[in-house]
Amino acid sequence: MPQQVRGVIAPGKDEPVRVETIVIPDPGPGEAVVKIQACGVCHTDLHYKQGGINDEFPFLLGHEAAGVVESVGEGVTDVTPGDFVVLNWRAVCGQCRACLRGRPQYCFDTHNARQRMTLLDGTELSPALGIGAFAEKTLVASGQCTKVDPAVAPEVAGLLGCGVMAGIGAAINTGQVGRGDSVAVIGCGGVGDAAIVGARLAGASKIIAVDIDDRKLDTAKSMGATHTVNSLTTDAVEAVRGLTDGNGADVVIEAVGRPETYKQAFYARDLAGTVVLVGVPTPEMTLELPLLDVFGRGGALKSSWYGDCLPSRDFPMLIDLHQQGRIDLAAFVTETIGLGDVEQAFARMHEGDVLRSVVTF
Ligand code: APR
Ligand code: ZN
Ligand code: ZN
């Protein structure tokens, strides 16, 4: 029986979001209905609302979530009702070139639920990143559910569904930070801070946080940065070089998504170092670099998608490390809020006042 639940809808470009009754169909083959317990507010939700992703309004927002599987469709064997799961927006296909080459983290044929959730009048909803978890329940592909230890708080577990995984994964999966490496992180919002946590976990000796906001640098320090640089008042590249015996960092992680910070990342790395680009630029942004510098500096330029994570490998591992007290994922939760508070949470996020507001149910 289709169910009616409450969910947060972005009705049209730049219109305020609102709570509406939505209809969740029974799960079809390969699908699961998940009762959401917590869902973080991410910049991408705001971008959907602003029409910056596509214009397939109305959107059902929310994509950084944990909850309990309520029911599963035909053929689902990986999860069963009652499982505590973290949702991911990249259920890998197992069949594309990347998957067949044994690199499913690069799968570009990821899939979501095929059936559609709707408004009461039948209007089809576009779930943000194929999830739509600012809702009491949502419908996903079963491959989007990863079972984790139910002892962890849902508002903490859900963080792994997006920004925190993107940042930690940028350091440990994409950047392959090693013991003793020097690491610079440019942009210390939620994603950059998570990269700092990942770098620390990987055993980096120096972690240099770069930001233009002193409040962000203070938080970065509490997350594990050993040095901070305010790039409004100090040249970021010179500062990073100065802190690394004139060499530049072994791994530089860019978590802003602007031409000037891409450029800083490029020049702040050691010769043969690695640059990891996590910040997402807008379509019109370009960057000009002397080819001789590109050629002459060696090393690797990498972009990191969703922290190049494999949810089945990385989510349970990071939950374990959190439970053991070796990383503190709870430090990313600034506040828990209600379903009706998402619009205000966007405003606070825009002001840079929160790392994560998390809707709890
Ligand atoms: N130099 C350094 N830091 C900057 C600059 C700059 N020119 N401009 C902005 N920042 C800092 C901000 O002060 C803030 O601390 O970058 C940080 C960005 O953080 P958030 O806005 O909280 O964004 P976050 O969620 O961390 O995502 C960062 O990663 O995955 C991508 O789409 C995401 O592009 C975004 C980026
Ligand atoms: Zn694939
Ligand atoms: Zn997100």
Side-chain angles (χ1 to χ4, degrees), residues 39-48 52-53 61-65 87-111 128-131 133 143 158-167 169-170 184-196 208-220 223 228-237 239-240 253-265 268 276-282 285 303-307 310 332 334 346 348-357:
C39 181
V41 180
C42 174
H43 277 85
T44 304
D45 294 306
L46 181 59
H47 293 160
Y48 272 109
I53 310 267
L61 298 181
H63 61 273
E64 204 175 85
L87 301 183
N88 76 74
W89 38 273
R90 301 203 72 212
V92 299
C93 77
Q95 328 233 318
C96 72
R97 231 175 92 72
C99 284
L100 292 176
R101 290 176 77 211
R103 298 176 182 178
Q105 67 273 32
Y106 299 126
C107 175
F108 274 86
D109 193 19
T110 57
H111 56 273
L129 291 170
I131 292 183
L159 297 172
L160 293 176
C162 188
V164 169
M165 185 67 246
V185 176
I186 302 177
C188 302
V191 174
D193 281 343
I196 289 170
I208 304 164
V210 180
D211 204 291
I212 51 174
D213 181 340
D214 282 329
R215 292 177 305 166
K216 301 291 182 166
L217 292 172
D218 287 341
T219 314
M223 295 282 182
T228 58
V229 174
N230 186 323
S231 55
L232 262 190
T233 50
T234 315
D235 183 279
V237 174
V240 172
I253 298 168
E254 198 280 357
V256 183
R258 300 191 52 81
E260 63 270 25
T261 43
Y262 265 50
K263 196 165 182 176
Q264 286 167 1
V276 179
L277 304 167
V278 198
V280 182
T282 56
M285 288 179 180
S303 62
S304 184
W305 278 83
Y306 204 173
L310 271 183
F332 288 88
T334 312
F346 281 148
R348 279 197 293 275
M349 186 174 73
H350 191 70
E351 294 303 314
D353 292 341
V354 291
L355 269 181
R356 272 295 183 269
S357 305

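Counting starts at 1 for both ligands and their atoms, following the listed order. Keep in mind that what you see is a predicted model, and the values were worked out from it rather than measured.
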Tell me, which N, O or S atom in His63 is closest to the Zn ion (ligand 3)?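 Result: NE2.
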Is [Y] close to [X] at the side-chain level, that is, under 4.5 Å between some pair of heavy atoms?
X: Val276; Y: Glu254; result: no
X: Trp89; Y: Thr110; result: no
X: Thr334; Y: Ser357; result: no

Options Val256, Leu355, Leu277, ranked by nearest heavy atom to atom 35 (C) of ligand 1, top entry: Val256
Using a 4.0 Å cutoff against the non-hydrogen atoms of Cys188, which atoms of ligand 1 qualify?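 Selected atoms, number and element: 15 (O), 17 (C).
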Judged by non-hydrogen atoms, does [X] sit under 4.0 Å from ligand 1?
X: Gly187; value: yes
X: Ala255; value: yes
X: Gly190; value: yes

Strictly distance-based, threshold 3.5 Å: is any side-chain N or O of Tyr306 a donor or acceptor partner for the main-chain N or O of Gly161? yes
So for atom CZ, which belongs to Arg215, do other residues, nucleotides or ligands contribute more than 12 heavy atoms lying within a distance under 6.0 Å? yes
With a cut-off of 2.8 Å, does Cys42 place any N/O/S atom under that distance from the Zn ion (ligand 3)?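 Yes.
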Identify the closest protein heavy atom to atom 34 (O) of ligand 1: which residue and atom is it, and at what distance?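 Of every protein heavy atom, Val280 N, 2.9 Å lies nearest to atom 34 (O) of ligand 1.
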Considering distance alone, does some N or O of Gln264 sit under 3.5 Å from an N or O of ligand 1?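 Between Gln264 and ligand 1, no N or O pair is found under 3.5 Å apart.
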Is the shortest N/O to N/O distance between Val210 and ligand 1 below 3.5 Å? no
With no hydrogens and no angle check, do the side chains of Asp211 and Asn230 hold a donor and an acceptor under 3.5 Å apart?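 Checked: Asp211/Asn230 side chains show no N/O donor-acceptor pair below 3.5 Å.
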Can you list the protein N, O or S atoms less than 2.8 Å from the Zn ion (ligand 2)?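 Result, waters dropped: Cys93 SG, Cys96 SG, Cys99 SG, Cys107 SG.
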